[in-house]
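Index from 1, following the sequence.
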Amino acid sequence: MLGAFANAFRTPDLRRKLLFVLLIIAIFRLGSQVPAPGVNVANVQQCLADVENQGIYTMINLFSGGALLQLTIFALGIMPYITASIILQLLVVVIPRLEALKAEGQAGQTKITQYTRYLTLGLALLQATGIVALARSGNLLTQCDLNLLHSDSTGTFLMMVITMTAGTAVIMWLGELITDRGIGNGMSILIFTQVIATFPSSLWQVQVTQGWVTFGIVMAIGLAIIAAVIFIEQAQRRIPVQYARRMVGRKMFGGSSTYIPLKVNQAGIIPVIFASSLLYLPAMLVQFNQGSSNAVMTFINDYFVTGDHPLYMTIYFLLIIFFAYFYVSITFNPQEVADNMKKYGGFIPGIRAGKPTENYLAYVISRITFPGALYLGIISLIPLVAFVLIGANQNFPFGGTSILIMVGVALDTVKQIESQLQQRNYEGFLN
C-alpha cells in the first residue's frame, strides 16, 4: 500500500490528483471544527468533557467525525447522503419509473443521482431540525445542564438549521469534486476521513481507562481483525462463463472465456447500517419520553439502550443476517444476469442457458451470502462484546462499522491508484 502511494507521488499527474484530494480533506476537516452560528462553544466543550460519547447518536456521530455533538457547520456529516442513497436503491426495485431510468445507462443514472441530491437535502433539513431542537431543549447531551446555544430564539434556530443543511450540500459538492478530479470515490473518501478522525482518540481512550496491558491486547486483536476483514473483503467466488462463436456479417465474434465475480460480502456495509438504524429507534423513543415509568419504556431502557445486553446483541446479529440477504436479493438479480448471458451467447459450463442458469446463480448467491452475513454480524458484535468484557466505550475502535469502512475504502482507493499506475507504465507489459 505504501509502495503504491510512493509510486503515485513520483508520477506528476497522480501527484496532482492526490494533493487535490488532500486539499479537499483539509477543507472538510476544517468545516467539521467550525461551530454553527449561535452555538455556545465553551459550554459545548464542557459538556463533551463531562459526558461520554454514547447514546442514540453514536452511528451518526461516527459519520460526522465527532462534529455532530460539537454542533459544527458540517455536523450532519455524510449520513444524509448515505441514507438517501440507500433509499433510492430500494426505490429502484419498487418504482417502475426508477427501474426504467436505471436501465437507460449513464443518462438514467445521472437522473437518479440528481434525485439522490434532492432527497439528501430533504433528509438533512429534517435531521438538522431535530438536532437543533434537541440542543435547544437540552436533550442532546442529557447529562449536561449547561445551555448549548447562546439563545433559544426562533431566528437562531432557523439560522442553525439552514447552516447545517447548507453544510451537507457543500459536503456533497466536495465529494463530487474528489470523484471528478481526484482518485477514488469522493463520498467514500469523505466517510473514511470522518471515521479515521475519531479512531486515534477512541484507541487512546482505551489506554487511559484500562492501562497499557489492555491497550496492547486491543492492538493485537485489532491487527487480527484487520487481517480477517481484508481477507474476507477480497474473497470471491468466480463462476466461469464461456461465449460461443457467432458470425456477424463477415466477422467472427465470441469464443472468449470470463467469469462472474461474486464477493463473499456482496452486501457491503449496508446491512450493518440498516440494523443499527433500526435498533436506534427504541433508544430514540426513550430519549423523547424521559420520565415515563410505564413497563414498555422500562423494558426498552433496560435492554435496548446501552447495547450490552445479550438480547440486544442477539437481535442485532439476526437483523444483520436478515438485511444481508435482503440487500443482496435487491441488488443482484439472477434472472437479469442469466438473460444477458443468453442474449450475448454466454453460458456456464455444465449449466443450460435460461432458467437453469438463473436457478444456479440464485443457489450460489444464497450459499455465499450466508458466510458473508455471519462475517458482518461477528465483526459488528466485537465492540459490544468489548464493552462488556473490558469496559471500553461503545466506540471501541477495532470492530463494527468503523473497521469495515476504513479497510473497504482503503482497499478500493489503493486498487484505483495501482490501476492508474499500470495505465501509465504500460511499457512494462511490452517488455
task: Could you walk me through whether Val213 and Ile217 pass side-chain contact (heavy atoms from CB on, under 4.5 Å), step by step?
output: CA-CA 6 Å; Val213 176; Ile217 295 174; 4.2 Å; yes
- prompt: Got a sec, which residues hit side-chain contact (heavy atoms from CB on, under 4.5 Å) with Lys102, two or more places apart in sequence or on another chain?
  reply: Val92, Ile112
query: In Å, rounded to the nearest 0.5 Å, how long is the span from OG1 of Thr357 to CZ of Arg352?
result: 9.5 Å
- request: Not counting sequence neighbours, which residues clear ring pair (Phe, Tyr, Trp, His ring centres under 6.0 Å) with Phe323? List them please.
  value: Phe274
field: Partners passing side-chain hydrogen bond (donor to acceptor under 3.5 Å, both in side chains) against Ser153 (at least two apart in sequence or in another chain)
entry: Ser151, Thr156
query: Do Met79 and Gln194 come close enough that some side-chain heavy atom pair is under 4.5 Å?
result: no
task: Sort and list the pairs that fulfil salt bridge (charged side-chain N to carboxylate O under 4.0 Å, His left out) and have at least one residue in residues 208-225, not counting sequence neighbours.
output: none
- line: Rounded to the nearest 0.5 Å, the CD1 atom of Ile183 sits from the CG atom of Leu18 at a distance of 4.0 Å
- request: List in chain and number order the residues that pass side-chain hydrogen bond (donor to acceptor under 3.5 Å, both in side chains) with Ser188, two or more places apart in sequence or in another chain; answer none if no residue qualifies.
  value: Asn185
- prompt: With no hydrogens and no angle check, is any side-chain donor or acceptor of Thr163 less than 3.5 Å from a backbone partner on Ile73?
  reply: no
- prompt: Do you know which two heavy atoms are closest between Met164 and Ala128, and how far apart they sit?
  reply: CB-CB, 3.9 Å
query: Hey, does Leu374 have a side-chain heavy atom less than 4.5 Å from the side chain of Phe317?
result: yes
query: Any side-chain heavy-atom pair from Tyr115 and Leu91 closer than 4.5 angstrom?
result: no
- prompt: Looking only at atom types and distance, does a side-chain atom of Gln127 sit under 3.5 Å from a main-chain N or O of Ala124, one as donor and one as acceptor?
  reply: no
- line: Interatomic distance, OG1@Thr116 vs CG@Leu123, rounded to 0.5 Å, equals 10.5 Å
message: Are Phe326 and Pro271 packed together at the side-chain level, in the sense that at least one heavy-atom pair is separated by less than 4.5 angstrom?
response: no
field: Nearest-0.5 Å distance, CD1 of residue Ile162 to CZ of residue Phe157
entry: 10.5 Å
field: Residues forming a side-chain contact (heavy atoms from CB on, under 4.5 Å) with Leu126, sequence neighbours excluded
entry: none
field: Nearest heavy-atom neighbours spanning Ala410 and Phe192
entry: CB-CE1, 4.4 Å
field: Qualifying salt bridge (charged side-chain N to carboxylate O under 4.0 Å, His left out) pairs, either residue in residues 357-378, two or more places apart
entry: Lys355-Glu358
message: If you define the side chain from C-beta out and look only at heavy atoms, does anything of Phe332 sit under 4.5 Å from Leu262?
response: yes
query: Roughly how far, to the nearest 0.5 Å, is the CG atom of Leu376 from the CG atom of Leu404?
result: 6.0 Å
Test item: Met172 and Met187 side chains (from C-beta on) under 4.5 Å apart, heavy atoms: yes
- prompt: Which heavy atom in Ile379 sits nearest to a heavy atom in Ile225, and how many Å separate them?
  reply: CD1-CG2, 4.0 Å
Exercise: identify the closest heavy-atom pair between Pro37 and Met159: CG-CG, 3.5 Å
message: If you compare all heavy atoms of Gly377 against all heavy atoms of Ile320, which two are closest, and at what distance to 0.1 Å?
response: N-CG2, 3.8 Å
field: Intermediate values then yes/no, side-chain contact (heavy atoms from CB on, under 4.5 Å), Gln335 and Asp339
entry: CA-CA 6 Å; Gln335 180 181 359; Asp339 291 343; 3.6 Å; yes
task: Please collect all salt bridge (charged side-chain N to carboxylate O under 4.0 Å, His left out) contacts where either partner lies in residues 316-330, sequence neighbours excluded, each pair once.
output: none
field: Closest contact, heavy atoms only, Leu121 versus Thr165
entry: O-CG2, 4.0 Å
message: Applying side-chain hydrogen bond (donor to acceptor under 3.5 Å, both in side chains), can you list everything that pairs with Asp412, at least two apart in sequence or on another chain?
response: Gln416
query: For Pro240, what residues pass the side-chain contact (heavy atoms from CB on, under 4.5 Å) criterion, not counting sequence neighbours?
result: Pro349
Where at least one partner belongs to residues 167-185, residue pairs that pass salt bridge (charged side-chain N to carboxylate O under 4.0 Å, His left out), sequence neighbours excluded: Arg117-Glu176
message: Within the structure provided, determine whether Ile351 and Asn359 are in side-chain contact (heavy-atom separation under 4.5 Å).
response: no
task: Compare all side-chain heavy atoms of Arg237 with those of Ile365 and state whether any distance is below 4.5 angstrom.
output: no
Asn40: side-chain hydrogen bond (donor to acceptor under 3.5 Å, both in side chains) partners, not counting sequence neighbours: none
query: Can you list the steps and then say if Leu71 with Val132 is a side-chain contact (heavy atoms from CB on, under 4.5 Å)?
result: CA-CA 8 Å; Leu71 298 173; Val132 177; 5.8 Å; no
field: Ile239 vs Tyr360, side-chain contact (heavy atoms from CB on, under 4.5 Å): CA-CA, chis, key distance, verdict
entry: CA-CA 10 Å; Ile239 299 179; Tyr360 177 76; 4.1 Å; yes
statement: Taken to the nearest 0.5 Å, the spacing of Gln236 CD from Gln266 CD works out to 9.5 Å
